[in-house]
Every structure is written in C-alpha cells, then in structure tokens.
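Notes to accompany the following structure.
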Amino acid sequence: MKINSITEFLHSGNSQLRIYDMGRRITPIDTDSFLAIENATAPYPYPLQQAAWLALLHWQQESPDSHSIWFLRLPLDEDGLLDQ
C-alpha cells in the first residue's frame with residue numbers, strides 16, 4: 001500500500017485524528033478541509049508567514065488515553081497551497 005499523505009498514514013494505523021491551526025490562534029480544521037489542503041485542491045485557510053502551522057492530535061481507537069500531538073510547519077506557495 002502506497003501512502004501519499006499524513007492523513008493516509010494515520011488512518012492506515014486506525015488512528016483517530018483532530019487537526020488544529022496554530023497560527024494566530026488555535027482553530028480546528030475539519031478532516032475534509034484538511035484532505036483538500038493536502039491534495040492541493042484548496043488553499044490553506046489561515047496562513048502565517050507563508051506557512052501552515054498545524055497541530056495534529058491523534059490516538060488509537062483501542063487506547064483512547066494515549067494521545068500524541070505532532071506540531072508541523074509546512075511551507076505554502078504564493079497561492080496558499082502546500083508547497084509539495
């Protein structure tokens with residue numbers, strides 16, 4: 001199985017996922033919007049310094065007490081799309 005995105009990677013391990021923008025303020029981003037951002041079909045809605053500042057909260061459904069948080073800074077191009 002070829003994994004092409006962060007969402008695919010986390011869902012392949014049966015992880016639950018919540019995404020937050022960490023730029024000017026903490027703002028939740030729904031999964032469908034994040035998929036469009038990952039696929040470069042929608043611009044990032046809250047750019048800061050030409051980057052997407054994200055927190056990804058994920059956990060296994062079998063062990064809901066063990067959460068992990070990834071903090072990511074992903075570059076954006078001039079159109080606000082992820083610079084892949």
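- Residues satisfying the side-chain hydrogen bond (donor to acceptor under 3.5 Å, both in side chains) criterion with Gln50, sequence neighbours excluded, are absent altogether.
- Under the 4.5 Å side-chain heavy-atom criterion for Ile, Leu, Val, Met, Phe, Trp and Tyr, Leu82 and Ile29 are members of the same hydrophobic cluster.
- Inter-residue side-chain proximity for Leu76 and Leu81 is flagged as unmet; no heavy-atom pair is nearer than 4.5 Å.
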Full working for side chain to side chain contact (heavy atoms under 4.5 Å, CB included) between Leu56 and Leu72:
CA-CA 8 Å; Leu56 278 72; Leu72 304 172; 3.7 Å; yes
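- No side-chain donor-acceptor contact under 3.5 Å links Ser66 and Gln60.
- Closest of all the heavy-atom pairs between Asp79 and Pro43 is O-CB, 3.7 Å.
- Here the closest non-hydrogen pair linking Lys2 and Glu8 is O-OE1, 3.9 Å.
- Note that OH of Tyr44 is 15.0 Å distant from CG of Asp83, once rounded to the nearest 0.5 Å.
- Atom-to-atom distance recorded for Leu17:CG and Ser68:OG is 11.5 Å, nearest 0.5 angstrom.
- The minimum heavy-atom distance linking Gln84 with Glu38 is given by the pair NE2-O, 2.8 Å.
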With side chain to side chain contact (heavy atoms under 4.5 Å, CB included) as the test, would you mind laying out the steps for Asn4 and Phe9 before giving the verdict?
CA-CA 8 Å; Asn4 294 316; Phe9 173 70; over 6 Å; no
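- Here the straight-line distance linking atom OG of Ser5 with atom CD1 of Ile37 works out to 12.5 Å at 0.5 Å rounding.
- Atom CE of Met22 sits about 5.0 Å away from atom CZ of Phe71, to the nearest 0.5 Å.
- We find the CD1-CG distance between Ile19 and Asp30 to be 8.0 Å, quoted to the nearest 0.5 Å.
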Let's go through Arg25 and Tyr20 carefully: what are the C-alpha distance in whole Å and the side-chain angles of both, what is the deciding distance for side chain to side chain contact (heavy atoms under 4.5 Å, CB included) to 0.1 Å, and is it a yes or a no?
CA-CA 9 Å; Arg25 62 181 176 266; Tyr20 297 92; over 6 Å; no
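- For the pair Trp70/Leu57, no side-chain contact is recorded, criterion being any heavy-atom separation below 4.5 Å from C-beta on.
- In this structure, Ile3 and Ser12 have side chains that are in contact, with non-hydrogen atoms separated by less than 4.5 Å.
- Under a hydrophobic-cluster definition in which Ile, Leu, Val, Met, Phe, Trp and Tyr are linked whenever side-chain heavy atoms come within less than 4.5 Å, directly or via other members, Tyr46 and Phe34 are assigned to the same cluster.
- Closest approach of Ser15 to His58, counting heavy atoms only: OG-ND1, 4.1 Å.
- Under a hydrophobic clustering in which Ile, Leu, Val, Met, Phe, Trp and Tyr are joined whenever their side-chain heavy atoms come within less than 4.5 Å, directly or via other members, Leu54 and Leu35 fall into different clusters.
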